[in-house]
Amino acid sequence: MSLLNELRSRFATALAEYGDEVPGLLEMIRVAQDPKFGDFQANFAMSLSKKVGKPPRDIATTVCQKLDVSDLCETPEVAGPGFINLRFRDSLLAARVSSIVGDDRLGVSPVKHPRHVVVDFSSPNVAKPMHVGHLRSTVIGDAICRTLRFAGHQVTSDNHIGDWGTQFGMIIYGYRNFVNMDAYRAAPVAELARLYKLVNQLSDYHATKAKLPQLKAALEGLNQQRVALKATENADPKKYQKAENQLVKQIDSAREAVESAEKTLAVVESDEHLSSLAAAHPTIARLARDETARLHAGDASNQALWDEFLPECLKALQVIYDRLGIQFDLTLGESFYNPMLPSVVETLAEKGLARSSDGAQCVFIEGNTAPFIVQKSDGAYTYATTDLATIRYRRDELKANEILYVVDNRQSEHFQLLFSTAALWGYDDMTFRHVSFGTVMDRNGKPYKTRAGDTVGLESLIDEAINRSRPIVNENDDRREVKLLNDSERAAVAEIVAVGGIKYADLHHNRDSDYVFDWDKMLATTGDTAAAIQYAYARICGIFRKLQISRSEIADSHAHVLITCPEERALCLQLLQFEFAIENVLYEYRPHLLTAWLYETSDRFSKFYDRCSVQDAETDELRQSRLILCDLIARGLKTGLSLLGIETADVM
RNA sequence: GCGCCCGUAGCUCAGCUGGAUAGAGCAACCGCCUUCUAAGCGGUAGGUCAGUGGUUCGAAUCCACUCGGGCGCACCA
């Protein structure tokens, strides 16, 4: 049992007279916010004060008298307005740590009630290369899967790829009209990506050309509104100012829209080849949509192209996943659910949930103005339909009792409607959760793009990270009198540092917030970064290397842990909190709570390393004890990082 | 117009199911390498937690309003 749970069960006895309120009161036992207050603190006395009609300090004192923790803690202290401060006995901490020697799990036992959780993440469109926009879902989703598994849950990771949408019509159209067969044979996916981009660009061109007059008119209209508004300035200056500010904002964004439209046109028109293509394919957008429709309708030649393209696209995705070290149990894309869509709408209609509105089949959820469209007026199904079919499959076939959707927060309304619809549809016996996250921004607070304005491809992102991590590795090893790494080892370490840096930078933010992408911070060797934690791990390995002792030998030695100084004590307590960190991560699926534990652990190790010599420990026993601590810390760091999908190297 | 999210140190962020003087990392300044990797350690400085009002014994945290920023909102996924 974890330290915290042990304490809580003792308090439960002492608080028995408060009946139903006890669980809530036990929640108020927390890790102390400051070490000088002990290890844990209980904060319930103040909130009980009013109900009981006694001063909080008296309540705290009474509870302490009834509390039996003498085998665990020093005498509890009542402090301040009525806090109860608890400090574990060194002997207890030492004994607990001694009992987990050699355990990669640091004594964390599997959950008693495992759930089957499907984690839906990454989910790129296969027609275009993966880019930075897919990074967060992929990294966060993978970390959640690993952590759930570690905790003992059954996990099915599912890559719900976009392999059936409009983008395939574009590729098919592009292939039929613009393919360069030599390029296609040499590198099919690159050529398909070019075709996608080209068709998209030409469609965009025509759409923009048609839209530009409206955009200009809108801008003009806003400018006129502003002139008209000016006349009201004296009537109510405050109100005027506010309206004026808002108008100015609207005008700015309208102007931006016009400018970007003009740029879109200019790019095509300034290029002879592109503009002749545009002229030759005036209805390209509709024709591409037609290709999609034909594919969906079962057209043999389009199906044949799809069958040809898809494996190549999947292979290209796999390259990225391999480099990131990410695996899926299932890759069931939209196409997989296609045959199931009609029955989704049918059963929704049978239950009276879906009804016709403007020719589309919609589910209306109370409290939402927007409908949940499950079939468009042209008969086509939407991603809402697919998502419902997916839920049905996951419960009925996979027997899942929980689904996590690791998808960015702009889609929260969609998921709210989806979950409500699913519950009404009969899927109210399972848990749905939108694990949402913010946008990756650049230093100016804009979504992260390349200098040219394109989204950043994941492949080049990883390459760039390696370009930056390699010199760090080289420099470190070059400083040594005797080099420890050869060229290929250095390359391997650089890759571990690079990929770890990318993942850690993402995971160490609370997933809800937008986060600023910053190469320098991501691969910094100091501070709260993957490299620093990986380095702490390597330093520990260095101790064993230097002393010529193997870690497994120490782990098997049955030696005991001694606590002789605050640094050792802090390390022991930290090791015993690992379980708590895992629980916290899984409570709301927040991996940053694990990065916090990792950083805290490596930080405490650095202090220990600085002040407590292993080699020159006063006694043999203490030396053994410190070796055990080092080994356990290394295990904790390695296991913790592995739950985030981050690797370690013994030598850096 | 409707809805969701955000505003904490110079910068990037924690803390938000209310609890003791608001934390960390970078950056800045001052110290520490004959000693297991200085990618380290010790110290200093830095904040009316956007603002106003409310609830409470107690508010960065809950509620209301204001200001500032972002994102969604009927047939793209």
Side-chain angles (χ1 to χ4, degrees), chain A residues 24 27-28 30 32-34 36-37 41 43-47 49-50 55-56 79-83 85 123 125 162 164-167 242 245 289 334 357-362 367-378 380-384 386-387 408-414 416 436 438-439 441 443 445 472 475-476 479-480 484 505 508-510 512-516 518 520-521 524-529 531-536 538-547 587-588 592-593 595-596 599-600 603 605-607 609-617 626 630 651-652:
Chain A
E27 286 289 306
M28 296 170 83
R30 320 229 165 120
Q33 62 164 22
D34 189 316
K36 77 183 171 207
F37 298 135
Q41 61 183 56
N43 301 341
F44 50 71
M46 283 78 76
S47 70
S49 169
K50 194 160 215 179
F83 297 99
N85 292 336
S123 310
N125 271 331
W164 199 243
T166 46
Q167 75 278 15
K242 194 176 170 185
N245 288 346
R289 272 200 303 277
E334 292 164 347
S357 170
D358 288 349
Q361 287 296 312
C362 303
N368 292 80
T369 47
F372 197 53
I373 299 175
V374 293
Q375 190 172 22
K376 299 192 284 186
S377 51
D378 65 1
Y381 300 102
T382 70
Y383 77 135
T386 312
D387 280 353
D408 81 275
N409 56 21
R410 285 174 303 201
Q411 294 198 42
S412 59
E413 273 138 322
H414 166 72
Q416 200 192 321
S436 65
T439 313
M441 312 293 246
R443 283 183 183 146
I472 299 170
E475 211 176 288
N476 190 56
R479 267 202 306 266
R480 294 184 172 114
L484 292 174
H508 105 280
H509 291 86
N510 187 335
D512 284 321
S513 28
D514 295 342
Y515 95 87
V516 177
D518 184 333
D520 295 335
K521 274 180 189 141
T525 52
T526 59
D528 191 359
T529 65
I533 296 169
Q534 288 166 324
Y535 187 67
R539 287 174 107 186
I540 298 175
C541 295
I543 295 173
F544 284 90
R545 199 165 43 241
K546 178 78 182 259
L547 302 185
Y587 178 62
E588 283 191 325
H592 81 281
L593 297 172
T595 66
Y599 179 70
E600 178 82 23
D603 187 53
F605 172 74
S606 294
K607 290 173 168 62
Y609 183 82
D610 192 53
R611 287 164 231 170
C612 308
S613 174
V614 176
Q615 184 174 257
D616 302 326
R626 286 180 176 170
C630 286
V651 182
M652 287 177 73

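Naming convention: chains lettered A, B, ... in sequence-line order (proteins, then strands); numbering from 1 in each chain. Computed from a prediction, not measured in an experiment: that's the story for all the values here.
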Sugar-phosphate, base or nothing in reach of [X], heavy atoms under 4.0 Å:
| X | result |
| --- | --- |
| Gln41(A) | base |
| Ala360(A) | base |
| Gln411(A) | base |
| Phe544(A) | nothing |
| Ser47(A) | base |
| Ala384(A) | nothing |
| Asp512(A) | nothing |
| Asp518(A) | nothing |
| Cys612(A) | base |
| Asp528(A) | sugar-phosphate |
| Arg626(A) | nothing |
| Asn85(A) | base |
| His592(A) | sugar-phosphate |
| Asn476(A) | base |

Candidates [options] - which lies nearest the side chain of [X]:
| X | options | value |
| --- | --- | --- |
| Tyr587(A) | rU17(B), rC41(B), rG72(B) | rU17(B) |
| Lys546(A) | rA74(B), rC36(B), rC4(B) | rC36(B) |
| Val614(A) | rG42(B), rU35(B), rC36(B) | rC36(B) |
| Met46(A) | rA38(B), rA74(B), rG19(B) | rG19(B) |
| Arg611(A) | rG42(B), rG3(B), rC57(B) | rG42(B) |
| Ala370(A) | rC73(B), rC13(B), rA20(B) | rC73(B) |

task: State whether the side chain of Gln534(A) and the backbone N or O of Met652(A) hold a donor-acceptor pair below 3.5 Å, judged by distance alone.
output: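 No: the side chain of Gln534(A) does not pair with the backbone of Met652(A).
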Compare side-chain N and O positions of [X] against OP1 and OP2 of [N] and report whether any pair is under 4.0 Å apart.
| X | N | value |
| --- | --- | --- |
| Asn510(A) | rG15(B) | yes |
| Lys607(A) | rG42(B) | yes |
| Arg30(A) | rG19(B) | yes |
| Thr369(A) | rC2(B) | no |

task: Grab the stems for RNA chain B, please: at least three consecutive Watson-Crick or wobble pairs, both distances below 3.5 Å, written as range with range.
output: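 When the pairs of RNA chain B are grouped into runs of at least three, the stems are B:1-7 with B:67-73, B:10-13 with B:23-26, B:28-32 with B:40-44, B:50-54 with B:62-66.
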If you take atom types as modelled and just measure distance, does the side chain of [X] reach the base of [N] with a donor-acceptor pair under 3.5 Å?
| X | N | result |
| --- | --- | --- |
| Arg479(A) | rU37(B) | no |
| Asp34(A) | rA22(B) | no |
| Ser357(A) | rA74(B) | yes |

- prompt: Going by ring centres under 5.5 Å and near-parallel planes (under 30°), is Phe83(A) stacked on rA20(B)?
  reply: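 Given the distance and angle limits, yes, they stack.
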query: Can you check whether Tyr609(A) stacks with the rC36(B) base, using ring centres under 5.5 Å and planes within 30°?
result: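 According to the criterion (under 5.5 Å, under 30°), yes, Tyr609(A) stacks.
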field: Nearest-Å distance once atom P is located in both rA28(B) and rG68(B)
entry: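 Taking atom P in both rA28(B) and rG68(B), they lie 36 Å apart.
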message: Taking the C1' atom in each of rG53(B) and rU17(B), what is the distance between them to the nearest angstrom?
response: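 Nearest-Å result for rG53(B) against rU17(B) at atom C1': 25 Å.
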Starting at [atom1] of [X] and ending at [atom2] of [N], how long is that distance when rounded to a whole Å?
| X | N | atom1 | atom2 | value |
| --- | --- | --- | --- | --- |
| Gln534(A) | rG40(B) | CD | C1' | 17 Å |
| His509(A) | rC13(B) | NE2 | C1' | 6 Å |
| His414(A) | rC71(B) | NE2 | P | 21 Å |
| Gln33(A) | rG58(B) | CD | C1' | 13 Å |

query: Does any donor atom in the side chain of Gln41(A) or Asn85(A) lie under 3.5 Å from an acceptor atom in the other side chain?
result: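 No - no donor-acceptor pair under 3.5 Å links their side chains.
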Arg545(A) and Val651(A), any side-chain heavy atoms less than 4.5 Å apart: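 Yes, close enough: below the 4.5 Å cut-off.
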message: Can you confirm if the NZ or CZ of Arg539(A) lies within 45° of the ring axis of Phe605(A) and under 6.0 Å from the centre of its six-membered ring?
response: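 No, Arg539(A) does not lie over the aromatic ring of Phe605(A).
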